[in-house]
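Scroll down for the structure; my scribbles are underneath it.
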There are 2 protein chains.
Amino acid sequence: MRPLKRYIPQETARRLSLYLRSLKMLDQKKKAVASSGDITRFLNVSSVQFRKDLSYFGGFGKRGVGYEVRLLTKEIEKILGTDAVRRIALVGVGKLGSALLSYTGFPEFNLQIVAAFDADPDKIGKIKRGFKIESISRLREVIKKEGIETAILSVPVESAQKVAHELAKCGVRAILNFAPVNLTLPKDVFVSNVDMASELEGLIYKLKRSKV
Amino acid sequence: MRPLKRYIPQETARRLSLYLRSLKMLDQKKKAVASSGDITRFLNVSSVQFRKDLSYFGGFGKRGVGYEVRLLTKEIEKILGTDAVRRIALVGVGKLGSALLSYTGFPEFNLQIVAAFDADPDKIGKIKRGFKIESISRLREVIKKEGIETAILSVPVESAQKVAHELAKCGVRAILNFAPVNLTLPKDVFVSNVDMASELEGLIYKLKRSKV
DNA sequence: CTCGGCTTGTTATTTTTTTCACAATATTGT
DNA sequence: ACAATATTGTGAAAAAAATAACAAGCCGAG
């Protein structure tokens with residue numbers, strides 16, 4: 001395998017997840033070897049883009065043949081850092097948080113929620129979807145003990161910034177934020193925002209433009 | 001106001017939502033006029049980027065002064081197509097779908113869910129979060145009647161493609177898809193995917209890289 | 001009214017990302 | 001063994017996007 005190249009496009013990283021999903025699908029269909037075309041067929045990504053993306057990390061295929069599905073899956077997982085189970089904390093067990101607790105899409109990608117927190121005294125101690133809900137006041141204790149560095153934030157928008165700050169102080173370095181607010185955090189903490197309204201606006205904008 | 005320029009970067013469109021959110025916040029704080037710096041202070045976007053983005057659509061500010069918050073809000077809403085209420089259908093009232101039905105972040109941006117559908121006979125006819133759940137078999141009828149062209153898809157991954165296809169046939173032109181699958185649809189139908197696992201993978205990748 | 005401090009809008013430049021073109025390698029059939 | 005075909009991997013070119021540089025306009029003080 002060749003050495004890592006210095007600069008890897010942001011977009012390449014984002015697409016690796018897509019490739020992983022596609023590969024898992026091919027594996028389910030008992031396909032052992034697949035070409036770049038097979039892998040990208042149902043993604044909105046060209047096969048050249050795919051090969052270029054992979055080339056930043058090395059050569060994983062065999063010319064004239066394609067890619068070993070299982071092998072490439074493992075390689076991409078290794079690149080993404082999801083080759084071992086990732087332990088994740090969920091903070092905010094409201095309606096959305098509850099739904100996320102029982103989201104079935106995580107295990108397949110080695111993502112595992114291992115702790116759930118809420119501020120509501122009525123919820124604390126209760127079991128929800130198999131998780132015992134802890135008080136937010138125990139954030140530090142549990143996160144340190146479990147060595148968690150990734151969190152899902154699904155608290156109300158009013159408390160999002162405060163809780164996010166608290167998470168950062170406890171050593172959390174990556175936050176998936178569902179609150180519609182741009183979190184201000186030390187720059188060594190990574191944030192990814194899931195903003196439903198914004199996504200819809202984007203769609204509506206495209207819709208509108210397509211009619212002009 | 002100058003005429004529209006031909007090509008508008010994808011990214012510009014995406015950022016307009018952010019600006020809108022920031023403007024609404026400033027308005028709440030009784031700020032009538034704001035500079036590009038004020039508006040982008042809490043976004044990860046430079047003030048130059050902001051002005052550049054707006055310049056694709058016209059000049060909305062006053063040199064030496066800044067932007068009228070209310071006015072600019074309206075202008076961006078007009079650009080995005082959310083200046084009037086958008087009627088949206090939600091398909092799939094499982095745990096996630098239910099959470100979305102009561103999501104409070106939509107009205108502020110003129111987004112309104114007006115119909116909810118599910119395939120489960122036990123749910124049909126029931127009221128959930130104020131919505132009467134309709135059978136998916138009535139999709140066409142209701143969507144035509146209400147003139148809906150935007151839908152949120154939160155059905156299980158197995159049925160996502162089928163239901164999406166059905167939506168497209170009913171005249172839906174934009175789908176916000178929560179199922180972890182890349183939908184194949186006529187190319188005049190816009191799809192935006194919300195993929196929680198993928199977002200987490202992206203974060204974990206950054207985390208990993210930052211340590212090297 | 002004019003100067004100096006601000007802030008916008010825009011053209012030019014640089015950087016980043018995608019696409020193209022093609023060499024290199026494997027496989028299959030004859 | 002060799003031609004025909006399939007497919008990867010990668011430098012070079014093109015396209016897209018971000019940043020820099022700066023002209024132009026507004027405001028308030030004197």
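Bear in mind that the values here come from a model prediction, so they are computed numbers and not experimental data. Just so it is clear: chains get the letters A, B, ... in the order the sequence lines come, proteins before strands, and each one is counted from 1.
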Practice problem: For the pair A/Tyr67 and A/Phe50, evaluate ring-ring contact (aromatic ring centres under 6.0 Å, His included) and give the outcome as yes or no after the intermediate values. | Solution: CA-CA 12 Å; A/Tyr67 302 83; A/Phe50 169 84; 5.3 Å; yes
Exercise. For A/Phe117 and A/Val155, run side chain to side chain contact (heavy atoms under 4.5 Å, CB included): C-alpha distance rounded to whole Å, both residues' side-chain angles, the deciding distance at 0.1 Å, then the answer.
Key: CA-CA 10 Å; A/Phe117 300 88; A/Val155 301; over 6 Å; no
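Taking side-chain N and O atoms only, A/Ser36 has a distance below 4.0 Å to OP1 or OP2 of D/dT8. Contact annotation: A/Gln49 side-chain N/O to C/dT19 OP1/OP2 distance is under 4.0 Å. The phosphate of D/dT8 has OP1 or OP2 within less than 4.0 Å of a side-chain N or O from A/Arg51.
Closest approach to the A/Arg15 side chain among D/dA17, C/dT18, D/dT10 is made by C/dT18 (side chain taken as heavy atoms from C-beta onward).
We find that CZ of B/Arg41 is positioned 13 Å from C1' of C/dT7, with the value rounded to whole Å. Atom OH of B/Tyr7 and atom P of D/dA14 are 17 Å apart (whole Å). A straight line from CG of B/Asp38 to P of C/dT7 spans 8 Å, rounded to a whole angstrom. Atom C1' of nucleotide C/dT7 and atom OH of B/Tyr67 are separated by 8 Å, given to the nearest angstrom. D/dA12 atom P lies 10 Å from atom NZ of A/Lys52, rounded to whole Å. A straight line from CD of B/Glu68 to P of C/dT7 spans 16 Å, rounded to a whole angstrom. Atom CZ of B/Phe57 is separated from atom P of C/dT8 by 18 Å (rounded to the nearest Å). The distance between atom CG of B/Leu54 and atom C1' of C/dG9, rounded to the nearest whole Å, is 10 Å.
Checked against salt bridge (charged side-chain N to carboxylate O under 4.0 Å, His left out), A/Arg14 has the following partners two or more places apart in sequence or in another chain: A/Glu11.
Contact check on A/Asp38 versus A/Arg41 returns a salt bridge, with a Lys/Arg side-chain nitrogen under 4.0 Å from an Asp/Glu carboxylate oxygen. A salt bridge links B/Arg70 with B/Asp27: the distance from a Lys NZ or Arg NE/NH1/NH2 to an Asp or Glu carboxylate oxygen falls below 4.0 Å. Between B/Glu68 and B/Lys62 there is no salt bridge, since no side-chain N of the basic residue sits under 4.0 Å from a carboxylate O of the acidic one.
Residue-level contact check: B/Thr12 touches neither bases nor backbone, having no heavy atom under 4.0 Å from any strand. At the heavy-atom level, A/Ser47 lies nowhere under 4.0 Å from the strands shown.
Remark: the A/Ser36 side chain and the A/Arg51 side chain contain an N/O donor-acceptor pair separated by less than 3.5 Å.
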Between the protein and nucleotides 24-30 of chain C, are there any N/O to N/O pairs under 3.5 Å, and if so, what are the atom names and distances?
unit_1: C/dA24; atom_1: O4'; unit_2: A/Arg63; atom_2: NH1; d: 3.4
unit_1: C/dA24; atom_1: N3; unit_2: A/Arg63; atom_2: NH1; d: 3.1
unit_1: C/dA26; atom_1: O4'; unit_2: A/Arg63; atom_2: O; d: 2.9

